[in-house]
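Counting starts at 1 for both ligands and their atoms, in listed order. Numbering starts at 1 and runs along the sequence shown. Because the structure is predicted, anything quoted here is derived from the model rather than measured. Side-chain atoms are counted along with the backbone in the values below, which use heavy atoms only and exclude waters and symmetry mates.
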Amino acid sequence: MYFASDNTSGMPAQVLDALGQANDGYAPGYGADALMDGVRARIRAVFEAPEAEVFLVTTGTAANALALATLCPPWGAIYGHSLAHIAVDECGAPEFFTAGAKLVAVAGENGKITPEALGEVLAQAGRGVVHHVQPGALSLTNLTECGTRYSPDEIAALSARAHAHGLPVHLDGARFANALVAEGCTPAQMTWRAGVDALSLGGTKNGLMGVEAVVLFDPARAKGWELQLRRKRAGHLWSKHRYLSAQMGAWLEDDLWLDLARRANAMAARLESALAGRAELLFPRGGNMLFARWPRGQHRSLQAAGAQYYLWPDGQNLEGPETEEVSARLVCSWNTTEAHISQFLAAMGQA
Ligand SMILES: *Cc1c(COP(=O)(O)O)cnc(C)c1O
């Protein structure tokens, strides 16, 4: 009953096999491997972006922080949701790698920013006032931290606001594939066609050992060289890079990445319908994450039975009245099984 995060799962056989194949013989280091040429070509084709620049790193934090550093000056403001991973879960990496850009929180229901809320914050930004940080970049997350989803139209409306103020747009796509298959649109529609300038394309939560791609869509900004220097300087340019390329190559081949995300989403849909009537959902489900609340007594039986998940938000605990409701986050992955879900429900029912 592993619902703590999609990073608790391993790798599918195709990815593991690709690592075995990459292990044979020799290949140039630092991203000059032929497998990386294939990954770059495949991402360009999949995103219908023949000029896109693609760089691999091993954590989402690095992908986000390095992408934002290329988009935003040290005196810039990065606008993002108050719950955004960059604001809450990256230990100051965006501030560190941008050399001090300020994260400015934008509020919004269900983990989503609205164009109106962004407009209000930008109206008070103090552009041109030397005492204030200057508008620097917009960062969105899809799926969001609340497991909800932006449609391409919603992203386009937010990007249009940002671009009207001269701000580039970054998308944290730690769960991009889950959002994409749920939305049923093309990768281009969810990114550059909707105004996204830089994407952190997450592989780790969707079946890789540890690979994320930074994809820069706007060749006119010509930030690729800068990003390469920043990646090296951050200690994120892998020497035996072919092992990263091999994972992402296998993931993209025959749309494996989309199949894995569909499986995770389908399991979350099952869990959601099984929980109906027993738990109250907190947000509309956008993909493979669920947030729900149910009585503390049932949490106790679940935890005693070994169910793994986080109470959400932080700071809640299992001390207190049995019947009081406590909320939790449940995440399904590409290899969540029906058995996990039925065990979970059985343990819940024992309270
Ligand atoms: C997991 C996650 C990341 C990446 O986190 P790392 O632990 O640095 O790999 C980034 N953004 C979101 C929304 C995430 O959930």
What does the contact table look like for ligand 1 (nitrogen or oxygen on each side, cut-off under 3.5 Å)?
unit_1   : atom_1 : unit_2 : atom_2 : d
ligand 1 : 8 (O)  : Gly60  : N      : 3.4
ligand 1 : 8 (O)  : Thr61  : N      : 2.8
ligand 1 : 8 (O)  : Thr61  : OG1    : 2.5
ligand 1 : 9 (O)  : Gly60  : N      : 2.9
ligand 1 : 11 (N) : Asp172 : OD1    : 3.2
ligand 1 : 11 (N) : Asp172 : OD2    : 2.6
ligand 1 : 15 (O) : Arg175 : NH1    : 3.1
ligand 1 : 15 (O) : Lys205 : NZ     : 2.7

Under-4.0 Å salt bridge between [X] and [Y]:
| X | Y | answer |
| --- | --- | --- |
| Glu322 | Arg300 | yes |
| Glu325 | Arg296 | no |
| Arg270 | Glu338 | yes |

Flag the pair Phe55 / His241 as yes when their ring centroid distance falls below 6.0 Å, and as no otherwise.
->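 For Phe55 and His241, the ring centres are not under 6.0 Å apart.
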Could you pull out all residues at least two apart from Leu237 that satisfy side chain to side chain contact (heavy atoms under 4.5 Å, CB included)?
->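 Once residues adjacent in sequence are excluded, the partners of Leu237 under the side chain to side chain contact (heavy atoms under 4.5 Å, CB included) criterion are Tyr30, Arg231, Lys232.
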First locate atom CH2 of Trp334, then atom CG of Leu260, and finally report the distance between them rounded to the nearest 0.5 Å.
->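 With rounding to 0.5 Å, CH2 (Trp334) is 6.5 Å from CG (Leu260).
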